[in-house]
Amino acid sequence: MRIFVTGGAGFIGSNFVHHLLNKHTSDEIIVFDTLTYAGNLANLPSLSTTARLSFIQGDICDERSVLQALAGCDAIVHFAAETHVDRSLVETQNFIATNVQGTYVLLEAARKRHLQRFLYISTDEVYGNACSPAGVSRPSLESDSLRPLSPYAASKAGADTLAFSYWASYELPVTITRCSNNYGPYQYPEKQIPLFILNALEDRPLPIYGDGQHSRDWIHVYDHCAALDLLLHHTEGQPIAGEIFNIGAHQERSTLENATTILKVLEKPGEQISFVKDRLGHVRRHAVDTEKIYQQLGWQTQIPFDEGIKQTIDWYRNNTAWLADLKQKNNEFLQKALNLGL
Ligand SMILES: Cc1cn([C@H]2C[C@H](O)[C@@H](COP(=O)(O)OP(=O)(O)O[C@H]3O[C@H](C)C(=O)[C@H](O)[C@H]3O)O2)c(=O)[nH]c1=O
């Protein structure tokens with residue numbers, strides 16, 4: 001397969017590219033990435049050594065470049081997005097442009113190029129607070145209605161439903177995934193886990209929004225990539241076009257629990273925890289029901305949180321060159337990320 005990966009220089013995208021290169025020796029991969037502050041070629045060390053991996057710097061909102069770059073491709077895996085909830089509250093327009101308009105451009109291009117598969121990477125944020133229609137707290141089901149609570153989540157929900165409409169209207173073989181919170185190597189340190197690790201390592205406070213009891217379901221990015229791979233290469237059994245799949249790890253943990261674990265593993269004092277002003281519209285609980293992907297594809301996570309978090313802490317501890325490179329390239333963004341909420 002010739003696979004077009006948007007946002008392949010970002011956190012989940014680059015991990016997915018590594019996964020494909022290791023698992024599928026005949027796949028050809030084209031990474032299409034505009035290289036915003038969160039996209040980084042240092043996330044793709046194989047670029048200089050692997051002939052079947054190529055890179056195009058481009059914006060998914062640019063119709064001509066997208067159509068041109070898609071020539072000869074069989075599938076799109078669409079990760080490219082503005083992803084940080086806090087930023088979506090202050091620079092909303094970028095989120096609408098990239099996440100909604102950019103997805104529209106890709107869907108149109110995929111339709112014109114008759115692509116065989118379009119994997120749209122959505123998020124569990126589209127559901128809003130995890131609960132049943134009666135308001136009882138329970139993991140969200142694919143059939144639940146969407147109640148996005150941040151501009152980021154609303155932009156993803158817009159693109160998610162637009163993608164579905166291309167299946168319904170044109171039979172473009174779109175498959176949508178809604179995954180929970182990822183952690184692991186190469187994550188930009190504005191997100192909770194890498195931010196807490198770096199602040200802990202550098203003896204800065206760990207900013208906890210509100211009372212710290214907001215909970216998320218934490219999945220290691222390698223487990224997420226394995227699920228996406230199964231969907232991308234799916235050929236037998238029940239068709240997956242026009243289907244939506246939740247992906248999650250059933251490892252729900254509060255912000256305070258994560259901060260405490262990270263400080264403990266790094267043998268840092270509990271006093272580094274600092275309660276700060278709450279995020280606007282802060283969702284109390286995100287959690288997804290993953291029975292559908294288990295029943296249909298047999299997918300389950302392999303990495304327990306206790307193990308994954310230790311490996312992730314080690315990765316950040318050992319990859320100081322990666323961080324120094326980030327600091328040098330976009331220090332302004334990084335400083336903002338490290339100080340956001342303080
Ligand atoms: C950065 C930060 C976060 N938090 C809290 C806020 C949340 O309750 C939790 C996780 O926050 P984070 O911004 O890392 O991730 P989410 O807002 O849950 O969203 C993430 O997971 C979904 C699935 C996506 O789709 C998003 O793209 C991704 O950013 O920690 C703090 O208390 N302090 C902090 O400094």
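All ligand and atom numbering here is 1-based and tracks the order in the structure.
Ligand 1 has at least one atom lying under 4.0 Å from a heavy atom of E190. Look at H286 and you'll find every heavy atom at least 4.0 Å from all atoms of ligand 1. By the 4.0 Å heavy-atom criterion, C179 is counted among the residues contacting ligand 1.
With 3.5 Å as the limit, one finds a donor-acceptor pair spanning the side chains of R178 and Y127. Looking at H233 and D27, their side chains do bring a donor and an acceptor atom within 3.5 Å of each other.
Of the residues F16, Y222, F11, W315, the one that meets the ring-ring contact (aromatic ring centres under 6.0 Å, His included) test with Y186 is W315.
L162 and W167 fall within a single hydrophobic cluster, where Ile, Leu, Val, Met, Phe, Trp and Tyr are joined by side-chain heavy atoms under 4.5 Å apart, directly or via other members. There is a path of hydrophobic side-chain contacts, each under 4.5 Å, that joins I76 to V174.
Interface of P207 with ligand 1, defined as ligand atoms under 4.0 Å from a residue heavy atom, comprises 31 (C), 32 (O), 33 (N), 34 (C), 35 (O). Distances below 4.0 Å separate heavy atoms of D124 from the following atoms of ligand 1: 23 (C). Remark: ligand 1 atoms within the under-4.0 Å shell around heavy atoms of T83 are 26 (C), 27 (O), 28 (C), 29 (O). Of all atoms in ligand 1, numbered sequentially from 1 with element shown, those under 4.0 Å from a heavy atom of H84 are 13 (O). Every atom of ligand 1 is numbered from 1 in the order shown, and the set under 4.0 Å from a heavy atom of I208 is 32 (O).
For atom 19 (O) of ligand 1, the choice among R178, K156, Q213, E125 with the nearest heavy atom turns out to be E125. Within the set V126, T123, V288, N181, the minimum heavy-atom distance to atom 15 (O) of ligand 1 is found for N181. When H282, Q192, H214, K191 are ranked by how near their heavy atoms come to atom 7 (C) of ligand 1, first place goes to H282.
Where the criterion is an N or O separation shorter than 3.5 Å, residue side chain and backbone included, S180 fails it with respect to ligand 1. The shortest N/O to N/O separation between D86 and ligand 1 does not fall below 3.5 Å.
Neither the backbone nor the side chain of L206 has any atom closer than 4.0 Å to an atom of ligand 1 (non-hydrogen atoms only).
H234 has its ring centre no less than 6.0 Å from the ring centre of F245.
Crowding of E171 atom CD: a count of heavy atoms from other residues, nucleotides or ligands under 6.0 Å not exceeding 12. Taking a 6.0 Å sphere around CD of E307, one finds it holds more than 12 heavy atoms contributed by other residues, nucleotides or ligands.
In this structure, Y188 and Y37 have perpendicular ring planes: the angle between them is above 60°, well past the 30° mark.
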